[in-house]
Amino acid sequence: MDPESAQPPEGERVSVAGRVMQLRLQGKACFAHIEDESARMQVWFKSDRIGDDAYEVVRLLDLGDIIGVDGVVTRTRRGEPTVLADALTLLVKSLRPLPEKWHGLQDQETRYRKRYLDLLSSDAQRRHFMARSAVVRALRSVLDSRGFLEVETPLLQPIAGGGSAVPFMTHWNSLDIDVFLRIAIELHLKRLLVGGYERVYEIGRVFRNEGLSPRHNPEFTMLEAYQAYANLDDMRELTETLVTTSAMALGPAHPEDGGSAPCDDPLLRRVGGTDLHLHPPFAVRRMVDLVRDATGIDAVAAWDELHDAAHGLGVEVAAQLSPGAVLLEIYEQRVEHTIWEPTFVVEYPADVTPLARRTPHDPRFVERFELIAAGRELANAFSELNDPVDQRQRFEEQARRRAAGDAEAPPIDEDFLEAIEVGMPPAGGLGVGVDRLLMLLTGASNIRDVLLFPTMRPQRQEPMQ
RNA sequence: GCCCCCUUAGCUCAUCGGUAGAGCAGCCGGCUUUUAACCGGUUGAGGGAGGUUCGAUUCCUCCAGGGGGCACCA
């Protein structure tokens, strides 16, 4: 049923198909509402019109059956456009009952595990996931229009690098070796920069062997984009455009999401009932300034006393942490969650960012920003490190942490080092957690509400009744 | 991994230390303009395993799944 043809003029012969959502059998006549992706339509079976044999089939219809109906458009006494049936085709029989027709499917677990039931019983849910698709399309359109090349790179990798996380491991039987599911896209996209592509991106799944939480799914969708010769200002502008274009693609927030007032501005989102303004330009703040404002600690001056400073704030940090890691810890515990309106936090400690260029004025910091909004990280970007000597040293530092028992520290990726030894142009790189972006834009508090099929613990297999 | 909460029929909800109740769906019957159609009848249940008790769905313990929070991250 096409929306335009959903209400054709009376008397017209039509052929419609859809799932039976309501049945009102009343002796020798029967009304039903059938539904497809676009619309709901009433059909009307009369035994004297359709014939006794066909009407016997009507009697046997169940909610959930998918039927085709040939008939003429008419209007009922109440004026509802209705297809008065001349013929019925049972396209498929539903063997299982539909969720309760009035309340719909309420049980959250069933909604996650059996999304098809959630979707078929809820118009709103179908629209919700179409919105996700629209946002991903918007991200692609921004990048495509700027000449970025969309590429696909390996998910199965001998070394899972490009981030700090425990990878999923699997086994390649014919070679009898263990391989890992990627935890980031980064290192392959940079190899493509070496290869001469100047703007590349990938939107794809990455996998991290971590626990489940309302904000974590073991597999999630990451956007990574790399632009040769771009600096951090370029990446900030790109990030802003990606976020605002996504919001526009989504359309205005719904009034029932809370907030100050109903509003048709798609850049005004609502998160947990509070307004969030996504109007560019977003604020830019240095991490050390944010930490100084919040705690009085001047991290640059007190670099070697940061452990004591953290202790004085009641921020617990492991004794072996580097000063930069302590600064990051203070920032994350005291500042990050307090940032509501979108803010680019710039200049991260070098020792927690092994793949970024150091700032020219202070080698303890790197050219990196994270976009924070509603207290959460939305995007992460840096000027990519293209000095192979520095890169090797940083990998070696990671490897030492790994040897010391840090399962999230990646091993040295010699193949990647060899690539950038050929020469990688200076470049800006950006990563966006697409599911998190969706959560922010739609106000979802659980990541499972933006994933069609969220990862669930397996249930014991129950026999079919 | 830790803490708190939840789990009653296919679905949506009640009740309760003493034979577990309803609506929808299902089944049987009636009804040729219904709209959560209606009317009559009817099938079906307390996540699993232990314990306390004369008696447990209810109280306790453990297990499983889910929700929320913490931790980690995106």
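Throughout, a chain's letter reflects where its sequence line sits, starting with A, and its residues are numbered from 1. Excluded from the calculations below are hydrogen atoms, water molecules and symmetry mates; all remaining heavy atoms, backbone and side chain alike, are included. What you see is a predicted model, and the numbers here were worked out from it, not measured in a lab.
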Who is the Watson-Crick or G-U wobble partner of [N], with both distances under 3.5 Å?
N     : answer
B/C2  : B/G69
B/G23 : B/C11
B/A49 : B/U61

Mind checking if [X] touches a base, just sugar-phosphate, or nothing, with heavy atoms under 4.0 Å?
X        : result
A/Gly431 : nothing
A/Ser213 : base
A/Tyr112 : sugar-phosphate

Among B/G67, B/A25, B/A71, which nucleotide sits nearest the side chain of A/Arg448? B/G67

Taking B/U12, B/G66, B/C72 as options, the one with an atom nearest any side-chain atom of A/Gln106 is B/U12

Between [N] atom [atom2] and [X] atom [atom1], what is the distance in whole Å?
X        : N     : atom1 : atom2 : answer
A/Arg96  : B/C11 : CZ    : P     : 11 Å
A/Gln108 : B/C13 : CD    : C1'   : 17 Å
A/Leu321 : B/C72 : CG    : P     : 11 Å
A/Met456 : B/U7  : CE    : C1'   : 14 Å
A/Arg113 : B/G67 : CZ    : P     : 8 Å
A/Glu109 : B/G65 : CD    : P     : 10 Å
A/His216 : B/G1  : NE2   : C1'   : 14 Å
A/Glu377 : B/C72 : CD    : C1'   : 13 Å

Would you measure the distance from the [atom1] atom in [N] across to the matching atom in [M] and give it in whole Å?
N     : M     : atom1 : result
B/G68 : B/G50 : C1'   : 29 Å
B/U8  : B/A14 : P     : 11 Å
B/G1  : B/A56 : P     : 34 Å
B/G47 : B/U35 : P     : 38 Å
B/U15 : B/G21 : P     : 14 Å
B/U52 : B/U61 : C1'   : 11 Å
B/C62 : B/A20 : C1'   : 26 Å
B/C11 : B/A45 : P     : 14 Å

Looking at side-chain heavy atoms only, is the closest gap between [X] and [Y] below 4.5 Å?
X        : Y        : result
A/Phe382 : A/Leu430 : no
A/Pro342 : A/Leu378 : no
A/Val271 : A/Leu440 : yes

In A/Glu396, A/Glu397, A/Gln398, the residue satisfying side-chain hydrogen bond (donor to acceptor under 3.5 Å, both in side chains) with A/Arg400 is A/Glu397

Using heavy-atom distances to pick each residue's nearest nucleotide on RNA chain B, tell me which of A/Leu105 and A/Glu370 is more 5'. A/Leu105

5' priority, RNA chain B, between A/Leu63 and A/Asp107 [closest heavy atom]: A/Asp107

State the syn/anti category of B/G46 according to its glycosidic angle, syn meaning within 90° of 0. syn

Could you tell me whether the side chain of [X] and the main chain of [Y] form a donor-acceptor pair under 3.5 Å?
X        : Y        : value
A/Thr353 : A/Pro349 : yes
A/Thr295 : A/Ile297 : yes
A/Glu240 : A/Pro281 : no

Per-nucleotide protein contact string for nucleotides 27-42 of chain B, where B marks a base within reach and S marks sugar-phosphate only (heavy atoms under 4.0 Å, - for neither): ----BBBBBBB-----

List the steps and the verdict of side chain to side chain contact (heavy atoms under 4.5 Å, CB included) for A/Leu250 and A/Arg132. CA-CA 8 Å; A/Leu250 206 53; A/Arg132 175 177 176 128; over 6 Å; no

With A/Glu367, which residues qualify under side chain to side chain donor-acceptor pair (under 3.5 Å), at least two apart? A/Ser383

Contacts of type side chain to side chain donor-acceptor pair (under 3.5 Å), residue A/Ser213, not counting sequence neighbours: A/His216

So if I take residues 201-209 of chain A and measure heavy-atom distances to RNA chain B, which residues fall below 4.0 Å? A/Arg208

Counting only heavy atoms and a strict 4.0 angstrom limit, can you tell me which residues of residues 337-347 of chain A come near RNA chain B? none

Within 45 degrees of the axis of the six-membered ring of A/Phe453 and under 6.0 Å from its centre: does A/Arg115 put its NZ or CZ there? no

If the condition is side-chain contact (heavy atoms from CB on, under 4.5 Å), which residues does A/Thr241 pass it with, not counting sequence neighbours? A/Val142, A/Arg146, A/Glu237, A/Thr245

In terms of relative ring orientation, are A/Phe31 and A/Trp44 parallel, tilted or perpendicular, with 30° and 60° separating the classes? parallel

Should A/Arg394 and A/Asp351 count as an ion pair when the cut-off is N to O under 4.0 Å? no

